[in-house]
**Student:** 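Please see the structure below; I have some questions.
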Amino acid sequence: MSPGGGQLSPLIFHLLNQAGLIQKVTETVKPDLMKRVISGLAVTAIFLAHSLCAQNTITFDDQSYVNAENLDDFSIINNGRTFEFSSVSNSNGYEYRTRLNLNTTAYTAGAVMITGLSSTLATFKTADGSEFDLQSFIYVSDFANFPNSDHNLTVTGYKDNVAVPGAVFSTNISVVNNLIDLSGDDDFNDVDEIRLTNNGSGNAQHLDGGGFDYIIWIGAAGTDTPPTSSNFEFTNATDNGTTVTEEVNGVTMTVSGGTPDIFNSAGFYTNFSRNAVWTSTAVSTVTVSFSAAIDITSAAFADGNLGSHTFVITPTGGTNSPVNVSASGSSAGVATLNWTGVTSFTVTKQGGGNVTFAIDNILLPEVAADPVVTLTVSNNNPDEGAGSVTLTATADVAPGADLTVNLSYSGTATGSGTDFTEVSSIVISSGTTSNTGTLNITSDADVESDETIIIDILSLTGVTATEGSPNQQTVTIANDDYAFSIRVFLEGPLSGSTMSTVLNASLPTNPGTIYTNALSETSGGIPAASVDWVEVELRTGTAAATKVGTNRGAILKSDGSLVDKDGNAFTMNQADGSSYYIVIHHRNHLSVMSANPVVPSGGIYEIDFTAAQTNSFSNGADGSIQVGSVFALIAGDADGDGDVDGSDLTTWRAQNGGGFTYNSTNGDFNLDGVINAVDRNEFQRKNNSKTSQVPTT
């Protein structure tokens, strides 16, 4: 026997009997305790039967709801999911959801009961429309009132208000507590609502006194998403007392007239869905208005008191005509409207007079999904001289009207034509999915670091649309202007940390006759504090064959810095941001090369040959010479062949005591404009046999 005097369900009895518990209880427990022991074992058996999948169980044992009645929208939260419980009446229009302490009819202290009315439908569902897998529940019936009636219970699964094919289970109820075991029925997986109906006869053709306990469910993997709708179906409507409102896609609908209420219409009318609105008092007209003009396909109408009438639906806004629709009893009429640009409509009973109105399913036309817009670029790393970058705005579906993609800019580059010219917006025309804009890159002569342009979608206007990914692009302008910060000393004119500028006035504006590989350099005048011309070479490797482009002449200042012919920063056109070995040539000093390739930083190639001898390339001998605390190119190579030897002495002897001429007199090692014994003794003789360490092959 069960706690309420009925029999155990076959599944529970089978489980207990298989375990030998029925016999053991009979032998060891006093008769007056038998009911309670078997009841406890029955609960245990339920958990055993579902131990593999019973991840979540709703038991209703929270006493805060005990004996509470008239709980509209009764709900309970279980494992983060909110379940709602309700019934629908087909007699007096009221709903009672009662939480009772059922010590004699349920396995535990509490259950949700549907009481006090003639009900043909009871439901439990998730509040947000998310799906779950139903495993089992106990249906608690009221045999105390109707012990001889036929209770034929049907359980139906629904998803998004549509019956799931195959999710139907029927059973004849013959005990007070009935385990409805659906754990082996996959059709009850991925549902969001369970509806119960009683197809019995006599006084038991209702669920009066019926209820739920021990609902066991598990989450449906990957499908816990509520349904979406663009229709007014009163699913999320609000009862404001004198009006009912609902918002869908940013448009608010308002029902006014006759003190409208929201009620669960399932089981009342055909052509109605879960919730509807009805006027609690009879009136002549009900008005449905919208916060913005919308298009309406159809709507369903009925008499709240199940009368038979013809309703006249009259629109406001657009160029639409009134429509008549007839409803009879529980058969709601569906009016095909196909209106456009409607701001409101009224519903009246044909022939006048007052009536209660019921309205549901104000359906809107199928609307294509809002476009999702992304932003791409043709090149994320253009050179400064590249000319332009193409921006492309793409929508995943064609908009119904022109869609303007407004752009914003940030980053280290300056717009308005300084470093680039912005594209303020891109228009995706109606019926198309993409369009482009051209972002022009400005080429300048400024030596600077690579600069960034960060392009964002600022806003989308014209039609409702959303930003997708990517919605931001970063374009890095590769600087094509590189300067050289080179510091080098010549041993001959060096004194301390500066060099003599005696030859400043004698320096030619074009050193091409000396540096045959140099670019032709012209100048309006040699900059002040100039020592001499030198020649700069770039290599990608140490071998001579790796030279890049053409050497270029530079002015050597007294502090060791190199400048352009006009006194500004020294540049070389072939420099493109790659790393280079930097070679310095002079007409009567041994050439020197950087020990390692120089990597630009901030658009600047920087090397200081004066700071350390290790900064100069070496093939086993010194690449430079120490003078005091600094280092310099080695003097004495009068014939420029890369060695200080007897041929340089011969050249010096031929020029000794003669007049100085820049283009042909290279025996002046200390650059004082005089060729004498000082040049030989202090430089050529001292450095005799020294060789440039710059590879010539």
Side-chain angles (χ1 to χ4, degrees), residues 372-396 403-428 433-460 465-486 536 538-541 546 548-550 552 564 568-582 594 596-607:
V372 177
V373 180
T374 56
L375 182 68
T376 57
V377 296
S378 59
N379 186 0
N380 290 96
N381 298 101
D383 291 333
E384 187 177 67
S388 63
V389 172
T390 300
L391 311 182
T392 301
T394 302
D396 62 339
L403 169 59
T404 301
V405 182
N406 301 296
L407 304 175
S408 65
Y409 294 85
S410 59
T412 59
T414 304
S416 302
T418 299
D419 293 312
F420 68 97
T421 301
E422 305 94 331
V423 177
S424 60
S425 63
I426 299 172
V427 178
I428 301 176
T433 57
S434 67
N435 201 0
T436 62
T438 301
L439 188 151
N440 291 309
I441 306 297
T442 303
S443 181
D444 56 37
D446 295 335
V447 176
E448 53 200 352
S449 301
D450 293 349
E451 297 174 296
T452 59
I453 309 170
I454 302 174
I455 312 157
D456 277 287
I457 296 179
L458 175 63
S459 63
L460 301 169
T466 58
E467 295 181 26
S469 180
N471 58 3
Q472 181 189 87
Q473 291 290 335
T474 298
V475 172
T476 301
I477 303 174
N479 173 53
D480 63 355
D481 298 300
Y482 293 90
F484 290 78
S485 176
I486 300 174
V536 182
L538 301 182
R539 297 183 183 184
T540 57
T546 64
V548 178
T550 305
R552 188 179 188 197
D564 213 338
N568 294 327
F570 177 73
T571 61
M572 297 185 74
N573 291 338
Q574 66 266 45
D576 62 0
S578 303
S579 59
Y580 300 107
Y581 286 89
I582 298 177
S594 59
N596 300 295
V598 179
V599 179
S601 175
I604 304 295
Y605 289 91
E606 184 173 4
I607 177 70

**Student:** Side chain of Thr374, backbone of Gly468: donor and acceptor closer than 3.5 Å?
**Tutor:** no

**Student:** Between Ile486 and Val536, what is the shortest heavy-atom contact and its length?
**Tutor:** CD1-CG1, 4.4 Å

**Student:** Set out, in order, the CA-CA distance, both residues' side-chain angles and the distance that settles side chain to side chain contact (heavy atoms under 4.5 Å, CB included) for Val405 and Asn435, then state yes or no.
**Tutor:** CA-CA 10 Å; Val405 182; Asn435 201 0; over 6 Å; no

**Student:** In Å and rounded to the nearest 0.5 Å, what is the CG to CD1 distance from Leu403 to Ile426?
**Tutor:** 10.5 Å

**Student:** Rounded to the nearest 0.5 Å, what separates atom CD1 in Ile582 from atom CZ in Arg539?
**Tutor:** 12.5 Å

**Student:** Checking side chain to side chain contact (heavy atoms under 4.5 Å, CB included) for the pair Val389/Ile453: CA distance, chi angles, key distance, verdict?
**Tutor:** CA-CA 11 Å; Val389 172; Ile453 309 170; over 6 Å; no

**Student:** Tell me, please, which residues at least two apart from Tyr580 pass ring pair (Phe, Tyr, Trp, His ring centres under 6.0 Å).
**Tutor:** Tyr605

**Student:** Starting at CD of Gln473, measure out to CG of Leu439 and round the result to the nearest 0.5 Å.
**Tutor:** 11.5 Å

**Student:** Quick check against the 3.5 Å criterion: does Gln574 have a side-chain atom that pairs as donor or acceptor with the backbone of Thr550?
**Tutor:** yes

**Student:** Taking all non-hydrogen atoms of both residues into account, name the closest pair between Pro600 and Ser578 and its distance.
**Tutor:** CD-O, 3.8 Å

**Student:** In Å and rounded to the nearest 0.5 Å, what is the OG to CG distance from Ser388 to Asn379?
**Tutor:** 9.5 Å

**Student:** Show your reasoning for whether side chain to side chain contact (heavy atoms under 4.5 Å, CB included) applies to Ile455 and Tyr409.
**Tutor:** CA-CA 5 Å; Ile455 312 157; Tyr409 294 85; 3.7 Å; yes

**Student:** Do side-chain atoms of Asp419 reach the backbone of Thr414 as a donor and acceptor pair under 3.5 angstrom?
**Tutor:** yes

**Student:** Within a strict 4.5 Å, meaning less than it, do heavy atoms of the Leu391 and Val377 side chains meet?
**Tutor:** yes

**Student:** Just verifying a value: how many Å separate Ile441 CD1 and Phe420 CZ, rounded to the nearest 0.5 Å?
**Tutor:** 7.5 Å

**Student:** Answer yes or no: is there a donor N or O on one side and an acceptor on the other, between the side chain of Asp456 and the main chain of Ser408, under 3.5 Å?
**Tutor:** no

**Student:** Evaluate the side chain to side chain donor-acceptor pair (under 3.5 Å) criterion for residues Thr392 and Thr436: first the C-alpha distance (whole Å), next the side-chain angles of each, then the deciding distance (0.1 Å), finally the verdict.
**Tutor:** CA-CA 4 Å; Thr392 301; Thr436 62; 5.6 Å; no

**Student:** At their closest point, which heavy atom of Ser485 faces which heavy atom of Ile604, and how far apart are they?
**Tutor:** CB-CG2, 3.8 Å

**Student:** Ignoring hydrogens, what is the shortest heavy-atom contact between Ala413 and Ile477? Give both atom names and the distance.
**Tutor:** CB-CD1, 4.3 Å

**Student:** Would you say Asn380's side chain and Thr474's backbone share a donor-acceptor pair under 3.5 angstrom?
**Tutor:** yes

**Student:** Please answer whether the main-chain N or O of Ile457 pairs with a side-chain N or O of Asn471 as donor and acceptor at a distance below 3.5 Å.
**Tutor:** no

**Student:** Using atom types as modelled and distance alone, determine if a side-chain donor or acceptor of Thr412 lies under 3.5 Å from a backbone N or O of Thr452.
**Tutor:** yes

**Student:** Is there side-chain contact between Thr442 and Thr418, with at least one heavy-atom pair below 4.5 Å?
**Tutor:** no

**Student:** Work out which heavy atom in Leu538 is nearest to a heavy atom in Met572; give both atom names and the distance.
**Tutor:** CG-SD, 3.7 Å

**Student:** Which heavy atom of Arg552 sits nearest a heavy atom of Phe570, and at what distance?
**Tutor:** CD-CE1, 3.9 Å

